[in-house]
Each structure stands twice: as C-alpha cells, then as structure tokens.
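Below is one structure, written out as structure tokens, with a few remarks after it.
Numbering of residues begins at 1 and proceeds along the displayed sequence.
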Amino acid sequence: MEMPETRYARSGDVAIAYQVLGEGPFDVVLTPGTVSHVELYWDVAGMAALLRGIAEHARLIFFDKRGTGLSDRDVGVPTLEERSDDIRAVMDAAGSQRAALVGLSEGVPMSVVFAASHPARVSALVLYGGMARVLWAPDYQFGMPERTYRREVEEDADWFMTPGELEAFARTALPSADEDEVRAWARVFRYGASPAAMAALDRMNMSIDVRAVLPIISAPTLVLRQRGDPWVRAEHGRYLAGHIPGAVFVELDGDEHIPRAAAARQVLATILFSDIVGSTARAAELGDARWRQLLAEHHARVRRQLARFRGVELDTAGDGFFARFDGPARGIRCAVAIRETLRDLGLEVRLGLHTGECEALDGKVAGIAVSIGARVSALAAAGEVLVSQTVKDLVAGSGITFDDRGVQQLKGVPGEWRLYSVAAT
C-alpha cells in the first residue's frame, strides 16, 4: 500500500490533517501519542508496517492532533475536550459514522473522553500504553510527583535543543529498534512539534485526569501495554481496565512504549503446543508397527480438531503438535476437544496455550510468544490444558472457567508467570 493522500478536516477554526488507508468492512480510528506526523510516519518502518497491517482488515483513519504534525500549529494550549472533538471532526470528514477507536499513549485520555461523550460512534475501544492521570494523588499513588514531572518537562525541551538528543529520546521508548528506525522517529518528533509546542503539551498533560468518566464508557474495551514498557507503569493500565466496565487488561511481550510492527509483520496469535504423555513407554509396549498405527490415528484426530476450530498446523515433532489460532477461545476449545478425542485411543496429552505478538513470515510464526507457549505446555500435567494469564484475560466473558495454578518460572523466559488450568468450556 502506498502512502495515502493527506486530507484536512475542519474542527471549529482549526484544520486537522488526516489520512485514510484500506477498504475493510469496518472503520478504525487511530489517535496518536504526544507528537505525530501523518506523512513522516511512512518513513518509520515499524509504524508503516503497523498502519498497513491494520488496513489489511479495516478502513484505517489516522490524524495529527491540533498543534502537532501537519495540523494547524498556532492553536494555543488546547483543552482535552477540544482535542477530543477533533476525533469527531475527522470521523465526519472521512464519512465514518461508527468506528473502533484506538488511543496510543498520550492519545488515551482524549480517546476515553470521546468514547464516554459519543458512545453511539464507538464500536470498541483499545487503549495502549496510556494513563487516566499523570500526577500523583492520594488516591492515585503510582502517578508522578509534580516536582519530578516539571523537571521532565524541562528535559523534553532540551531533547530538541541539543543535537543528537532527539535520537536518544526515541531510543528510550524503543530500546529494541535499530538505528534507522530511531533516526526516523527522531524526525517525526522534530518535524511534528517545536520545542515550545512540546513544552505546552507537557504542561497541558500535567492537568489531565479522566478518572471520573471511566465508569461511563460502554464500548467493549481492551487495555494494552508491553510488559517492559519503559515509560508507563503497569499500574496505569490496570487502573484503566479496573474502572471501565467489562474492560480487559493484557500485557504483551515486549520492552517498548511505541507500538510498531516488523516488516515481516507482527500478528497477535494464540499458540498451542501438545505432547503425548508417556509416549516412549507406550511405544516400547506396543512395538514399532502398532505404535506407528496409533500415532497416525493420533495425527488424524488432532488435525480434524484443528480444522474444526480454524487452527493452523505449523509443525509436528514426533508425537507433538504446534499450531496457532486467531482467537484464544477457539484455541482453548480446540485443546479440550483434542484431549477428549485422544482419550478414546487410550492416550493422555498435555496441552499449553499462550497469546502474544509473533513475527509472521511465509506462513510460519516465531518470537518469544512461541517460546512461552512451549514452556507453558511443558508444565502441564497429563490431561491438562494449561494457559497463560494473557489467554485467561482475553477470554473473559466467554464462559470458559479456570483453576489458578499459581506463579511459575518458565525456563529461559524472564520474570514470573501466573498460569491457569482450564476447568470447563
């Protein structure tokens, strides 16, 4: 997909720059972080891949907030309500009556206000790497102390004034990015806002507090963050999800604040691993010929269930299967069906599932999420379907129930992981 034409929407007296990409069956509106530039985004490999990935499935509408990018710059210090109304102006100009709204980072509060103010126009809400409030308060103790925040405002201006510092600033948000991507993001920041504009935005953000409107949101809401986000603490995401009715909080694998996709295309996939328990002893008991017959029937039955639940077989290794699904509930139900159908053959299996970002290339998937799925499976008991907390959180409301297996260490994977055994589907 080529870079689309930049268009303008009128929000009161302010012109808002936006682009439209894709022709999918529903609309997605992307609200950017503090600084954006709809045209220079296309020079950032990870962001361009992310935009194209969304546009493969939907009509994507994304814009520069007033005071940044190609939108009008000389707008004073806009209020949160004015910035939120820019979403409405862009949707009207693009002919979008209803859309899934995605707020990124500093775009989260204005997305929250819009979803609460215009519920009929928001089909779903995704809040990534953001917060309801910036500053510490007695009832919001993971916020930043005001003195610390004011010092950071001064430092943000210094990033612009000192050669090479914007690259260093970008690197703090993208520790895993290569130098080309870091330089491209630095250009987005440099052309997307002036030092004075950045300072004004920072001061405005200091007063943001959307906690009161969170309970009003009625759209299905997903709150996301990367587990190692260097800029925003996990407590901010948990607070958002805990105060929006029915919201789900998910931590993705990764250590970055700015979302991006690799050129090979990052996809969110549910990974399933299965393994026959006691296969070596069973093979010795049956002999080679009978074991091969049993294994062939095992493979046939597993593949029937994969087809039934729209799973994609990725590999087989001896008596185990590696598959992926585009939805965690289907993955769980497939795993349970595999377990039951193999019991008729006198076989017990252990099955494990994890949902995370994977690199998709030539029909295969790779990445840390695959390793986590394999480690979860290895901890499952005979006849057990074991899942990560990410999977459990994503199927909230599906009717699937779980037993808590506690916090576990996954071999070769940093941190502690809470796992759950599927009780009923």
Side-chain angles (χ1 to χ4, degrees), residues 31-37 44 64-69 73 75-80 83 103-113 127-177 181-211 223-240 254-260:
T31 306
T34 306
V35 178
S36 64
H37 195 294
V44 184
D64 290 329
K65 298 194 296 291
R66 59 173 63 202
T68 67
R73 294 290 189 90
V75 295
V77 180
T79 66
L80 189 58
R83 300 175 87 197
L104 304 180
S105 185
E106 192 256 358
V108 163
M110 59 187 287
S111 299
V112 163
V113 171
L127 305 175
Y128 171 91
M131 56 188 77
R133 176 188 170 92
V134 174
L135 295 184
W136 180 95
D139 56 350
Y140 201 78
Q141 298 200 1
F142 41 86
M144 188 179 295
E146 184 173 341
R147 180 178 299 178
T148 303
Y149 186 83
R150 289 186 181 278
R151 185 172 64 247
E152 291 201 357
V153 171
E154 296 175 3
E155 291 173 355
D156 282 354
D158 290 341
W159 294 119
F160 284 83
M161 304 303 292
T162 308
E165 287 299 296
L166 273 179
E167 285 76 8
F169 177 68
R171 202 172 289 113
T172 66
L174 294 158
S176 300
E181 186 139 6
V182 166
R183 284 192 292 268
W185 269 112
R187 285 193 296 273
V188 169
F189 298 147
R190 187 174 294 113
Y191 287 94
S194 67
M198 187 69 179
L201 289 170
D202 282 341
R203 286 193 295 271
M204 184 206 72
N205 288 337
M206 187 168 61
S207 65
I208 284 178
D209 188 343
V210 298
R211 292 179 294 168
V223 180
L224 298 172
R225 75 180 294 270
Q226 292 192 32
R227 187 168 281 106
D229 187 330
W231 283 9
V232 177
R233 293 172 56 175
E235 290 90 340
H236 290 290
R238 293 194 183 102
Y239 186 94
L240 287 166
D255 60 356
E256 298 178 336
H257 177 70
I258 297 175
R260 63 195 180 102

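- Nearest heavy-atom pair across Leu201 and Arg83 is CD2-NH2, 3.9 Å.
- You'll find the side chain of Asp139 reaches within 4.5 Å of the side chain of Arg211, heavy atoms only.
- Summarising the geometry, atom CD1 belonging to Ile258 is positioned 10.0 Å from atom CD belonging to Gln226; distances are rounded to the nearest 0.5 Å.
- Trp231 has its ring centre no less than 6.0 Å from the ring centre of Tyr128.
- Atom-to-atom distance recorded for Met161:CE and Leu166:CG is 11.0 Å, nearest 0.5 angstrom.
- Side-chain atoms of Leu240 and Val108, non-hydrogen and from C-beta on, do get closer than 4.5 Å to each other.
- Closest approach of His257 to Pro230, counting heavy atoms only: N-CD, 3.7 Å.
- The shortest heavy-atom contact between Arg133 and His236 is O-CE1, 3.7 Å.
- To the nearest 0.5 Å, atoms CZ (Arg238) and CZ (Arg225) are separated by 7.5 Å.
- The shortest heavy-atom contact between Ala197 and Gly67 is CB-O, 4.2 Å.
- Between Asn205 and Glu106, the side chains place a donor N or O and an acceptor N or O closer than 3.5 Å (distance only, hydrogens not considered).
- Of all non-hydrogen atoms in Val182 and Ala177, the two that sit nearest each other are CG2-CB, 4.2 Å.
- Taking the side chain as every heavy atom from C-beta outward, Trp136 and Met144 never approach each other to under 4.5 Å.
- Between Asp202 atom CG and Glu155 atom CD the span is 10.5 Å, to the nearest 0.5 Å.
- Note: Thr68 OG1 to Arg73 CZ = 7.0 Å, rounded to the nearest 0.5 Å.
- Put simply, the side chain of Ser207 gets close to the backbone of Met204: a donor and an acceptor are under 3.5 Å apart.
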* To do: Run the numbers on Arg187 and Glu167 for side chain to side chain contact (heavy atoms under 4.5 Å, CB included), then give the verdict.
  => CA-CA 9 Å; Arg187 285 193 296 273; Glu167 285 76 8; over 6 Å; no

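- Taking 4.5 Å as the limit, every side-chain heavy atom of Leu104 sits out of range of all side-chain heavy atoms of Pro32.
- The number of heavy-atom neighbours closer than 6.0 Å to CZ of Arg233, taken from other residues, nucleotides and ligands shown, is above 12.
- More than 12 heavy-atom neighbours from other residues, nucleotides or ligands sit within 6.0 angstrom of OH on Tyr149.
- Contact between Leu135 and Glu146 at its shortest, heavy atoms only, is CD2-CA, 3.9 Å.
- Rounded to the nearest 0.5 Å, atoms CZ (Arg171) and CD (Glu165) are 9.5 Å apart.
- With contacts defined as side-chain heavy-atom distances shorter than 4.5 Å, the pair Trp185/Phe169 does not qualify.
- Two rings, from Phe160 and Phe189, have their centers 6.0 Å or more apart.
- The closest side-chain heavy-atom distance from Asp255 to Asp229 is not below 4.5 Å.
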* Would you please test Leu80 and Met110 for side chain to side chain contact (heavy atoms under 4.5 Å, CB included) and show each step? => CA-CA 6 Å; Leu80 189 58; Met110 59 187 287; 3.9 Å; yes

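- Two residues are said to be in side-chain contact when any heavy atoms from C-beta on lie closer than 4.5 Å; Val232 and Ser105 fail this criterion.
- With contacts defined as side-chain heavy-atom distances shorter than 4.5 Å, the pair Val44/Arg260 does not qualify.
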